[in-house]
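Report on one structure; see the data block that follows.
Basis for what follows: all heavy atoms, side chains included, without hydrogens, waters or symmetry-related copies. Numbering of residues begins at 1 and proceeds along the displayed sequence.
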Amino acid sequence: MSDHAPLILDIAGTTLTDTDRARLAHPLTGGMILFARNWQNRQQLTALCAEIKEVREDLLICVDHEGGRVQRFRTDGFTHLPPMRTLGELWMRDALAATNAATAAGYVLGAELRACGVDFSFTPVLDLDWGESGVIGDRAFHRDARVAALLAKSLMHGLLQAGVANCGKHFPGHGFVKADSHTEIPVDDRSLKAILAEDAAPYGWLNTTLTSVMPAHVIYPKVDRLPAGFSARWLQAVLRDRLGFAGAIFSDDLSMEGARRIEGREVSYTEAALVALKAGCDMVLLCNQSVGEGRPVDELLDGLAEAQVKGAWAPDPVSEQRRLALLPVGAAPEWGDLMVQPRYMQALRTLP
């Protein structure tokens, strides 16, 4: 096991190749993220997760599984979870029913993933629904930060019942800007005071509940010229020192357009990873670069290893503890047992 394994990688197919195994066994690899291309059915997913754990038991198997349009596994018995806005709409009719439904959604989401061997989901979205962002849209609970925070806390309670950690995203808030950071670099011109009063407020209110956070590939020029995920001001001074967050920080995908240009200059994946890690990220994600030969994945593994040897980057044992804390504790029920579990059946009945 490494002193610090900060890289979260992916694979191209539905089973592991020898190349995949070598990359996952690399001491700087801390986990992997699954996509829809890695899915055929539950049996295949369960076998794949078991294969990954055979490589290294401590690898964190992650997925973007929120509900609504961001849900990687949708067939072969997986529950179609509602978009989070549905819970916000229910809140307007019956606030306590909405918090209960959010807990049910978190439990169903987490329990179904764990029954297949998946450890962790990048959820919930804490962005506010300003009505501007197409990429966020109905993924957000509500326009009101207080409602978003309480519904997110209820969803995280359900995840916790299933033994699954959580990830608040996209700090300090992606909901105000129209641009999609997958394809361009969004810029939010508001002041720090305005952002703390609205979009970033849930992170302070939930600092005892959040186990991890993912920053936005958004530039807030009145605070820092760097995108939030590469900014020590955002990650250390604001998120950790001011808002009191003590859990793990993931970079968003380093292959996104918002991550490839730093201060107007196109950078390599290794450079982007080093900037993110030095700014305060505990882990960095590189997604969708394993397809084909996967040269960018090897370049990042080699580049970070070289930076470590040269003293340009030092592993952080505290970051490693934060990563390991995201692994589930205890055995999960198998799918067949889960289906007849009273808590699970009650949660299904409670979904909106």
In terms of heavy-atom contacts, does [atom1] of [X] have more than 12 from other residues, nucleotides or ligands at under 6.0 Å?
X      : atom1 : value
Asp241 : CG    : yes
Arg74  : CZ    : yes
Gln236 : CD    : yes
Arg69  : CZ    : yes
Met92  : CE    : no

Would you say that [X] contacts [Y] through its side chain, given a criterion of any heavy-atom pair below 4.5 Å between the two side chains?
X      : Y      : answer
Leu243 : Asn207 : no
Val238 : Leu196 : yes
Pro227 : Tyr220 : no

When rounded to the nearest 0.5 angstrom, what distance separates [atom1] in [X] from [atom2] in [Y]?
X      : Y      : atom1 : atom2 : answer
Arg233 : Leu192 : CZ    : CG    : 5.5 Å
Thr14  : Leu45  : OG1   : CG    : 10.5 Å
Gln289 : Tyr269 : CD    : OH    : 3.5 Å
Leu210 : Leu126 : CG    : CG    : 6.0 Å
Asn288 : Ser255 : CG    : OG    : 6.0 Å
Ile52  : Asn38  : CD1   : CG    : 8.0 Å

Could you work out, with salt bridge (Lys or Arg N to Asp or Glu O under 4.0 Å) as the rule, every residue matching [X], not counting sequence neighbours?
X      : result
Arg114 : none
Glu51  : Arg21
Arg143 : Glu198
Asp298 : Arg23

Exercise for the section: Output, in order, the C-alpha distance, side-chain angles, deciding distance and verdict of side chain to side chain contact (heavy atoms under 4.5 Å, CB included) for Leu326 and Asp119. Expected result: CA-CA 8 Å; Leu326 299 176; Asp119 296 325; over 6 Å; no
Nearest atoms (heavy-atom pairs only) where [X] meets [Y]:
X      : Y      : result
Val187 : Val177 : O-CG1, 3.3 Å
Ala228 : Trp234 : CA-CD1, 3.7 Å
Pro202 : Ala145 : CG-O, 3.8 Å
Met283 : Leu277 : N-CD2, 4.4 Å

Handout entry: No-hydrogen, no-angle side-chain donor-acceptor test under 3.5 Å, Asp127 and His170
Key = yes
Practice task
Answer yes if the side chains of Thr79 and Glu112 hold a donor-acceptor pair under 3.5 Å, and no otherwise.
Solution key: yes
Exercise for the section: For Thr211 and Asn166, run side-chain hydrogen bond (donor to acceptor under 3.5 Å, both in side chains): C-alpha distance rounded to whole Å, both residues' side-chain angles, the deciding distance at 0.1 Å, then the answer. Expected result: CA-CA 6 Å; Thr211 46; Asn166 60 66; 3.3 Å; yes
Exercise for the section: Look at the side chain of Lys169 and the backbone N and O of Phe122, then say whether any donor-acceptor pair between them is shorter than 3.5 Å. Expected result: yes
Exercise for the section: Would you confirm whether Arg323, through its side chain, and Gly30, through its main-chain N or O, come within 3.5 Å as a donor-acceptor pair? Expected result: yes
Taking a hydrophobic cluster as the set of Ile, Leu, Val, Met, Phe, Trp and Tyr residues connected by side-chain heavy atoms closer than 4.5 Å, whether directly or through intermediates, do [X] and [Y] fall within one such cluster?
X      : Y      : answer
Leu59  : Leu9   : no
Ile249 : Met156 : yes
Leu109 : Leu60  : no
Met84  : Val63  : yes

Problem - Arg42 to Trp335 six-membered ring, cation-pi geometry met (6.0 Å, 45°) - result: yes
Problem - Lys/Arg-Asp/Glu bridge criterion (N-O < 4.0 Å) met for Arg190, Asp199 - result: yes
Problem - Worked verdict on Arg56 versus Leu24 for side chain to side chain contact (heavy atoms under 4.5 Å, CB included) - result: CA-CA 8 Å; Arg56 267 206 1 243; Leu24 292 174; over 6 Å; no
Exercise for the section: Verify side chain to side chain contact (heavy atoms under 4.5 Å, CB included) between Gln341 and Asp337, making sure each step is shown before the conclusion. Expected result: CA-CA 6 Å; Gln341 186 193 72; Asp337 295 331; over 6 Å; no
Centroid separation under 6.0 Å, is that true for the rings of [Y] and [X]?
X      : Y      : answer
Trp91  : Phe141 : no
His65  : Phe78  : yes
Phe250 : Phe171 : no
Phe245 : Tyr203 : no

Completion exercise
Residue pairs meeting side-chain hydrogen bond (donor to acceptor under 3.5 Å, both in side chains), one or both in residues 92-106, sequence neighbours left out, come to none
For [X], what residues pass the side chain to side chain donor-acceptor pair (under 3.5 Å) criterion, not counting sequence neighbours?
X      : answer
Gln346 : Arg349, Thr350
Thr17  : Asp20
Asp189 : none
Glu306 : Lys310

Exercise for the section: Enumerate the residue pairs fulfilling ring-ring contact (aromatic ring centres under 6.0 Å, His included) with a member in residues 291-333, sequence neighbours excluded, ordered by first and then second residue. Expected result: His4-Trp313
Practice task
Starting from the C-alpha separation in whole Å, work towards a yes-or-no answer on salt bridge (charged side-chain N to carboxylate O under 4.0 Å, His left out) for Asp188 and Lys222.
Solution key: CA-CA 9 Å; Asp188 186 335; Lys222 293 206 168 90; over 6 Å; no
Exercise for the section: Quick one: list whatever passes ring pair (Phe, Tyr, Trp, His ring centres under 6.0 Å) with Tyr107, sequence neighbours left out. Expected result: none
Practice task
Check which hydrophobic residues are tied to Phe176 through side-chain heavy-atom contacts below 4.5 Å, counting indirect links as well, and list them.
Solution key: Leu128, Trp130
Exercise for the section: Go through the steps to decide whether Arg240 and Asp282 satisfy the test salt bridge (charged side-chain N to carboxylate O under 4.0 Å, His left out), and finish with yes or no. Expected result: CA-CA 13 Å; Arg240 293 227 186 269; Asp282 300 294; 3.1 Å; yes
Practice task
Go through the steps to decide whether Asp64 and Ile33 satisfy the test side chain to side chain contact (heavy atoms under 4.5 Å, CB included), and finish with yes or no.
Solution key: CA-CA 8 Å; Asp64 273 322; Ile33 178 168; 4.1 Å; yes
